[in-house]
Amino acid sequence: MAELSDVYFVDGMRTPFGRAGEKGMYWNTRADDLAVKATIGLMERNAEVPADRIDDVAIAATSQTGDQGLTLGRSVALLAGLPQTVPGFAIDRMCAGAMTSVTTMGASIGVGMYDLALAGGVEHMGRHPLDGSNVDPNPRFVTEQLVSADALNMGITAERLHDRFPHMTKERADRFGMLSQHKVQAAYDAGKFQDDLVSVAIKDASGAWGLATEDEGRRPQTTMEGLAALKTPFRPHGRVTAGTSSPLTDGATMSLLAGGGAVRELGLTPKMKLVSFAFAGVQPEVMGIGPIPATEKALKKAGLSITDIGLFELNEAFAIQVISLLDHFGIDDEDPRVNQWGGAIAVGHPLAATGVRLMIQLAAQFAERPDVRYGLTAMCVGLGQGGSVIWENPHYNGKKK
């Protein structure tokens with residue numbers, strides 16, 4: 001008989017993230033092959049887990065068409081060499097796709113239906129841009145004034161946050177964006193990312209082969225002066241620029257989740273324990289505030305307050321989106337607990353893959369910080385949503401740093 005179980009994040013790996021488009025390193029690489037590489041890398045690093053014991057594979061994609069279609073979880077499982085007995089499925093919650101893969105599989109483990117699961121996401125924004133070419137929004141959204149006609153333009157929703165919170169200035173956003181670039185490069189220089197990256201064979205326009213080993217979009221020389229001079233593409237004389245936005249990105253992530261019984265049976269060493277999660281809806285026109293109510297719900301379910309959170313991994317879809325959450329909870333823009341290795345403004349945001357990237361980084365930070373008990377991964381979601389997951393550090397020793 002199934003029994004309730006603790007849920008553990010055992011491990012996670014990802015491909016390096018590439019710039020989307022013809023000049024990006026993955027232009028000639030299939031989306032599903034990116035997910036296959038992440039899956040193979042993760043399973044090879046966790047060879048003590050029998051592949052035939054995986055109960056399910058959930059892989060998210062926002063544009064589920066072409067090489068991101070065909071029920072990704074199942075097709076990637078087969079392509080990665082998992083036994084044919086392992087099922088899989090695709091999932092979509094736009095930017096929070098991989099996060100939803102994890103919470104869906106985690107919930108299945110928590111109620112005792114699964115013992116082991118793979119959960120991740122992929123987005124090839126070069127092959128599948130969010131330009132409306134592969135979606136057909138219902139006209140009722142606009143004709144019945146349910147949603148603004150430009151609510152799917154994420155840059156416009158970011159500009160609206162600046163409108164709503166005028167004290168969140170362009171200068172604050174610029175500084176946040178600059179520091180993200182600097183922190184990511186410092187983390188690379190210190191070797192923080194490399195262990196969790198799966199190298200990917202790539203082919204350029206001439207047919208020459210190479211190897212993708214690092215995130216492609218980093219700009220460590222970013223300065224405030226340079227950011228101040230950038231155009232504001234979403235609105236004339238606006239406040240959102242390329243320097244305070246996550247770039248269009250290709251990449252894939254994958255995680256291994258397990259229940260308490262499987263952890264004990266297989267002698268696994270989990271990197272995090274799931275405490276609570278929540279998703280919330282907000283006005284699509286200001287989707288960037290979505291993580292605020294989602295975090296409040298997750299904290300309430302966990303019986304915690306924001307002061308209990310010792311590390312934050314917040315997706316930097318836009319700088320203003322992160323700043324709005326920090327302001328709401330009374331946290332300084334440069335609080336060292338927040339995105340200490342930088343974020344999506346520098347490494348990129350391959351939409352449905354990003355949630356697990358946040359978890360991979362938090363797990364690595366937990367290993368270095370036994371003084372921290374709880375951490376938060378959170379992100380905004382298109383069409384007016386937010387997602388938040390609270391994790392517990394298995395290395396916690398109760399000693400203040």
Side-chain angles (χ1 to χ4, degrees), residues 7 9-17 38 42 58-60 62 91 93-106 119-123 176 180 183-184 187 192-193 195-197 215 246 249 251-257 271-279 288 290-292 294-295 298 309-319 321-322 325-326 331 335 337-369 372 374-381 385-393:
V7 180
F9 182 98
V10 177
D11 198 8
M13 297 191 77
R14 66 178 179 90
T15 68
F17 289 171
L42 180 64
I59 300 180
T62 302
I91 202 164
R93 199 196 296 267
M94 298 184 77
C95 301
M99 177 176 282
T100 305
S101 294
V102 168
T103 57
T104 300
M105 294 291 91
V122 62
E123 208 76 57
F176 190 92
S180 179
K183 289 191 287 187
V184 164
K192 303 296 187 183
F193 290 119
D195 285 349
D196 295 320
L197 297 179
D215 298 311
S246 56
T249 312
T253 60
M254 188 58 65
S255 66
L256 172 64
L257 308 175
K271 295 183 175 181
M272 301 192 293
K273 178 182 177 182
L274 180 64
V275 177
S276 70
F277 67 86
F279 295 92
I292 295 173
T295 298
I309 305 300
L311 288 169
F312 295 80
E313 276 297 319
L314 308 175
N315 187 40
E316 298 169 359
F318 300 93
Q321 174 262 312
V322 179
L325 182 144
L326 298 179
I331 300 169
D335 190 306
R337 298 174 296 169
V338 178
N339 293 8
Q340 64 175 1
W341 296 347
I345 288 173
V347 300
H349 174 28
L351 302 184
T354 289
V356 167
R357 196 269 300 169
L358 300 175
M359 297 168 193
I360 290 169
Q361 286 187 206
L362 179 61
Q365 292 164 25
F366 270 170
E368 296 183 354
R369 295 291 303 277
V372 170
Y374 297 110
L376 172 74
T377 54
M379 60 199 312
C380 59
V381 189
Q385 299 183 81
S388 299
V389 187
I390 296 174
W391 301 92
E392 185 172 9
N393 185 0

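What you are looking at is a predicted structure, and each value in this text was computed from that prediction instead of being measured.
- Considering only heavy atoms from C-beta on, Leu274 comes within 4.5 Å of Trp391 through its side chain.
- Shortest non-hydrogen contact noted between Gly97 and Ala60 is C-CB, 3.2 Å.
- Residues Leu311 and Gln340 have side chains in contact (heavy-atom distance under 4.5 Å, counting atoms from C-beta outward).
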Next on the checklist: Is there a side chain to side chain contact (heavy atoms under 4.5 Å, CB included) between Met99 and Met359? Walk through the geometry before answering.
Outcome noted: CA-CA 9 Å; Met99 177 176 282; Met359 297 168 193; 4.2 Å; yes
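- When all heavy atoms are compared, the tightest approach of Leu325 to Ile292 is CA-CG1, 3.9 Å.
- For the pair Gln361/Phe193, a side-chain contact is recorded, criterion being any heavy-atom separation below 4.5 Å from C-beta on.
- In this structure a side-chain-to-backbone donor-acceptor pair under 3.5 Å is present from Glu123 to Ala352.
- To the nearest 0.5 Å, atom CE of residue Met13 and atom CG of residue Leu256 are 12.0 Å apart.
- When every heavy atom of Ile390 is checked against every heavy atom of Ile309, the shortest pair comes out as CG2-CD1, 4.3 Å.
- Put simply, OH on Tyr374 and NZ on Lys273 are 8.5 Å apart, with the number rounded to the nearest 0.5 Å.
- Separation of atoms CG (Asp11) and CG (Asp196) is listed at 6.5 Å; rounding is to 0.5 Å.
- Within the 4.5 Å cutoff, the side chain of Asn339 has heavy atoms near those of the Glu313 side chain.
- Heavy-atom minimum distance, His349 versus Cys95: NE2-SG, 3.5 Å.
- Using modelled atom types, one side-chain atom of Thr15 and one backbone atom of Ala252 make a donor-acceptor pair closer than 3.5 Å.
- Lys183 has its side chain out of reach of Trp341: every pair of non-hydrogen atoms, C-beta onward, lies at least 4.5 Å apart.
- Contact detail for Ser388 and Pro291: the closest heavy-atom pair is OG-O, 3.6 Å.
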Checklist entry - When you look at Arg337 and Val372, which way does the side chain to side chain contact (heavy atoms under 4.5 Å, CB included) test go after all the steps? => result CA-CA 10 Å; Arg337 298 174 296 169; Val372 170; over 6 Å; no
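- The two residues Val381 and Met94 make their nearest non-hydrogen contact at CG1-CB, 4.0 Å.
- Between Val322 and Phe312, the closest side-chain pair of non-hydrogen atoms is not below 4.5 Å.
- A cation-pi arrangement, defined by a distance under 6.0 Å to the six-membered ring centre and an angle within 45 degrees of its axis, is absent between Arg357 and Phe17.
- In this structure, Val356 and Arg14 have side chains that are not in contact, with every pair of non-hydrogen atoms separated by 4.5 Å or more.
- Between Leu326 and Asp335 the shortest side-chain heavy-atom distance does not fall below 4.5 Å.
- Side-chain atoms of Asn315 never come within 3.5 Å of backbone atoms of Leu358 as a donor-acceptor pair (strictly under, hydrogens ignored).
- Side-chain atoms of Glu316 come within 3.5 Å of backbone N or O of Ile345 as a donor-acceptor pair.
- For the atom pair CG (Leu362) and NZ (Lys271), the distance works out to 11.5 Å, reported to the nearest 0.5 Å.
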Checklist entry - Between Thr100 and Phe279, is a side chain to side chain contact (heavy atoms under 4.5 Å, CB included) present by the stated rule, with each step listed? => result CA-CA 9 Å; Thr100 305; Phe279 295 92; 3.6 Å; yes
Item to check | Working for side chain to side chain contact (heavy atoms under 4.5 Å, CB included), residues Met254 and Ile59 | outcome: CA-CA 8 Å; Met254 188 58 65; Ile59 300 180; 3.7 Å; yes
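- Interatomic distance, Ile360 CD1 to Leu197 CG, rounded to the nearest 0.5 Å: 8.5 Å.
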